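Contents: one structure, followed by commentary.
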Amino acid sequence: MSEGAAKGFGKKPEPKEERRKFQAIKGTRDLLPPETALWNRVEQAAQEIFASYGFGEIRLPIFETTDLFARSIGLETDVVSKEMYTFGDRDETSVSLRPEATASVCRAYIEDGMQQLPQPVKLYTIGPMFRRERPQKGRYRQFYQIDAEVLGGSDAPGIDGELIEMVMMFFERLGLEGVQLEINSIGDKQCRPKYVELLRAELQKVKDQLGPDSQRRIETNPLRVLDSKLENEQKLIAGMPHIADHLCEACAENYRGVKKELELRGVKYRENWRLVRGLDYYSRTTFEITAKGLGSQNAVCGGGRYDGLMELLGGPPTRATGFAIGEDRLILSLQETGQTPAPPRRDVYIAWMGTKVYATAIRAARNLRTAGFSVELPPVEQKFGKALGQADKLGARYALILGDNEVSSGEWTLKTLADGTQQKLTEPQLLDFLRNL
RNA sequence: GUGGGAGUAGCUCAGCUGGUAGAGCGUCGGACUGUGGCUCCGAAUGUCGUGGGUUCAAAUCCCAUCUCCCACCCCA
């Protein structure tokens, strides 16, 4: 081991911490069986469905230079200004654990020359993100996102429509309950600034009736005031101008197109003119999907179009749209509505006794496993009654009984745990029998 | 970053107005050394989240701190 690798450990004297209990860092957690089976099921479904829409998987670094995120997400956003895990690398460059995936996908698109591929390029990625927030229900400091992006090509509403259809299809396949899609258009570089000014002016008129947070946002980000949940602000906000009435013709046309696309695809949506996304790079269509059983952090998916981002990152002008699913929340919702995975089972538990049969037991286990069965082979000899007890506790379907009698006669005993019946089978018969279930 | 609630065995929790820990479940062992689920018996495991204070005496009262949960905020 190099000296450098050891640096930083055991530096400060630790007086009397001999029996220190280690625990996971705040906001992080272990995912254990059987819950991990549910995670796998979700990720497999995503892979299958996304593949059917022509998406390929991209695997990305978990950390990047800090300015990639600062540039794309926006310096003023909470995510960048106070929630990133940022540290200096050995050579002083500032790097950050990724708080989301879109910036990295765009970086990769440019860096790996994906403009050369047939457009649009459709990518998805699944993995952990990091944000230093106060944990609560459905919110962790390390959380998982299932992310999909459509890069390049046109801004045809069909692209947004298909993307949204895909998530909805995914949720439906999983049996997610209480799914609600909300959409909005927040305009583009042409029309949004004008609307923001108008909104700011209107908000100024009622400034003294707003709370301190909203007052501050009149200057920093008026759109966010629309997001406020404060009871006494609702009436005022309801009277504010709607962005839909102030979109430029191109944006308005595009928004109509997206809604038409959703209707064509039978996707139910609700328009929410107050839906504003928190990340700077969004433009035009934005959407959010909520589901049942989630507490106050109830968005399982958020996304939208970000046509200007690629240029901002030094790439060619490239249209793009995408979404991120909060996998932790998705799974939470599935669990809250009763989708609990069964604990792992064994097909066959091998109850062997007598050192003479051990070799046979090992061979049987290997052959059964090769044939695709889940097999438990106790590593030491046990009392017979206990072995069956273990088989029972592990939820095994069959117990393969191997003792002197079986080995000498060549007729093995297979016991069905559910009803207690037994049968004698030769080794080839056993495999046949199990295969034909 | 700001509030509220909670930390006692692996899990769920009891422990009244201070007298240095208990139940159920689970785990393991036995009754039952070639037939499991039931029943019965037995065992192990806690510096009572951590540190300090009050007291002859603290799981219990006081202060601090950490962690978890929920909400604000923000977002997936």
Side-chain angles (χ1 to χ4, degrees), chain A residues 15-29 32 73 76-83 99-102 126-148 167 211-214 216-217 221 224 227-230 275-279 282 287-291 294-304 322-333 349 351-354 357 381-396 398-406 413-422:
Chain A
K16 49 163 198 171
E17 279 206 82
E18 293 145 35
R19 294 207 310 165
R20 177 177 171 196
K21 254 205 280 179
F22 287 101
Q23 52 180 329
I25 286 172
K26 187 190 189 81
T28 70
R29 59 193 180 139
L32 310 173
I73 300 167
E76 303 305 317
T77 59
D78 283 12
V79 170
V80 169
S81 65
K82 49 192 190 201
E83 294 174 359
E100 56 114 43
T102 303
I126 301 175
M129 308 294 158
F130 305 84
R131 300 210 301 228
R132 200 182 185 292
E133 299 178 274
R134 194 82 166 250
Q136 77 187 71
K137 187 169 189 176
R139 190 167 75 184
Y140 305 94
R141 289 182 172 184
Q142 174 173 341
F143 60 101
Y144 294 77
Q145 285 191 340
I146 300 173
D147 191 270
V167 216
D213 281 335
S214 293
R216 185 168 38 78
R217 290 198 191 107
N221 192 348
R224 292 225 66 88
D227 230 13
S228 166
K229 286 172 201 140
L230 290 179
L275 176 66
V276 182
R277 311 259 71 229
L279 278 33
Y282 285 112
F287 62 95
E288 185 168 293
I289 302 171
T290 54
L294 285 177
S296 84
Q297 308 300 321
N298 64 350
V300 271
C301 177
F323 65 74
I325 293 167
E327 192 176 359
D328 306 75
R329 292 181 189 174
L330 173 54
I331 294 211
L332 180 62
S333 177
Y349 187 99
W352 60 276
M353 55 221 120
V357 310
E381 186 175 4
Q382 306 175 87
K383 280 189 204 164
F384 191 50
K386 177 150 174 225
L388 288 182
Q390 282 291 324
D392 197 46
K393 279 180 202 153
L394 292 173
Y398 298 97
L400 175 60
I401 298 167
L402 289 180
D404 290 339
N405 299 344
E406 282 77 9
T413 306
L414 187 70
K415 184 182 182 81
T416 307
L417 274 317
D419 58 18
T421 57
Q422 301 190 168

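Here is the naming used below: chain letters follow the sequence lines, and residue numbers restart at 1 for every chain. For clarity, every value in this text was computed on a predicted model and none was experimentally measured.
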Nearest-Å distance once atom C1' is located in both B/rG5 and B/rA9: 24 Å

Here the distance between atom P of B/rG1 and atom CZ of A/Arg216, to the nearest Å, is 16 Å

Just call it for A/Lys82: base, sugar-phosphate, or nothing, with non-hydrogen atoms closer than 4.0 Å on any strand. nothing

Quick note, A/Glu133 side chain, CB onward, closest among B/rG29, B/rU67, B/rA76 is B/rA76

Is A/Gly138 touching bases, backbone alone, or none of the nucleic acid, heavy atoms closer than 4.0 Å? base

Could you let me know what B/rG1 is paired to, Watson-Crick or G-U wobble, both distances under 3.5 Å, or none if it's on its own? B/rC72

Closest to the 5' end of RNA chain B, once A/Gly420 and A/Lys383 are matched to their nearest nucleotides, is A/Lys383

Side chain A/Gln297 and base B/rA71 donor-acceptor under 3.5 Å: no

Spell out yes or no: do the side chain of A/Arg329 and the base of B/rC75 have one donor N/O and one acceptor N/O closer than 3.5 Å? yes

With a non-hydrogen cut-off below 4.0 angstrom, is A/Ala391 in contact with a base, only sugar-phosphate, or nothing? nothing

From C-beta outward on A/Leu388, which listed nucleotide comes closest to its side chain: B/rC28, B/rG36, B/rU67? B/rG36

From B/rG37, B/rA76, B/rG34, pick the nucleotide closest to the side chain of A/Asp392? B/rG37

How is A/Gly395 classified with respect to the nucleic acid when contacts are heavy atoms under 4.0 Å: base, sugar-phosphate, or nothing? nothing

Both distances under 3.5 Å, Watson-Crick or G-U wobble: report the partner of B/rU45, or none. none

Go nucleotide by nucleotide along RNA chain B from the 5' end; which of A/Arg132 and A/Asp78 gets its closest nucleotide reached first? A/Arg132

Side chain of A/Leu417 - closest among B/rA76, B/rC73, B/rG36: B/rG36

Check this for me: does the side-chain of A/Glu406 come within 3.5 Å of the base of B/rG34 through a donor and an acceptor? yes

Ignoring hydrogens and angles, are the base of B/rG34 and the side chain of A/Asp404 linked by a donor-acceptor pair under 3.5 Å? no

So, under a plain 3.5 Å distance rule, would you say the side chain of A/Arg131 forms a donor-acceptor pair with the base of B/rA76? yes

Which whole-number value in Å describes the distance from A/Gln390 CD to B/rG36 C1'? 11 Å

In whole angstrom, give me the gap between the C1' atoms of B/rU20 and B/rG46. 13 Å

Base, sugar-phosphate or nothing for A/Ala418? Non-hydrogen atoms, less than 4.0 Å. base

Does A/Gly389 reach a base, just sugar-phosphate, or nothing at all? Heavy atoms under 4.0 Å. sugar-phosphate

Counting just side-chain N and O atoms, does A/Thr77 come under 4.0 Å of either OP1 or OP2 of B/rC75? no

Please determine whether a side-chain nitrogen of the Lys or Arg among A/Asp328 and A/Arg29 lies less than 4.0 Å from a carboxylate oxygen of the Asp or Glu. yes

Using a distance-only criterion (donor-acceptor N/O pair, under 3.5 Å, no hydrogens), is the base of B/rU67 paired with the side chain of A/Lys26? no

Which one, B/rC72, B/rC28, B/rU35, comes nearest to the side chain of A/Arg134? B/rC72

Tell me which one of A/Arg131, A/Met129, A/Glu100 satisfies side-chain contact (heavy atoms from CB on, under 4.5 Å) with A/Val79. A/Arg131

Applying a 4.0 Å non-hydrogen cut-off, can you work out what A/Leu330 is touching in the nucleic acid: base, sugar-phosphate, or nothing? nothing

Rounding to an integer number of Å, can you tell me how far A/Lys137 NZ sits from B/rA6 P? 19 Å

Going by atom types alone, do A/Glu406 and A/Thr413 pair a side-chain donor with an acceptor below 3.5 Å? yes

Under the 3.5 Å rule, do the base of B/rC73 and the side chain of A/Gln136 count as making a donor-acceptor pair? yes

Could you check A/Arg139, A/Lys137, A/Gln136 and say which one makes a side chain to side chain donor-acceptor pair (under 3.5 Å) with A/Ser296? A/Gln136

When all nucleic acid strands are considered with a 4.0 Å heavy-atom cut-off, which category describes A/Asn405: base, sugar-phosphate, or nothing? base

Ignoring hydrogens and angles, are the base of B/rC70 and the side chain of A/Arg139 linked by a donor-acceptor pair under 3.5 Å? no

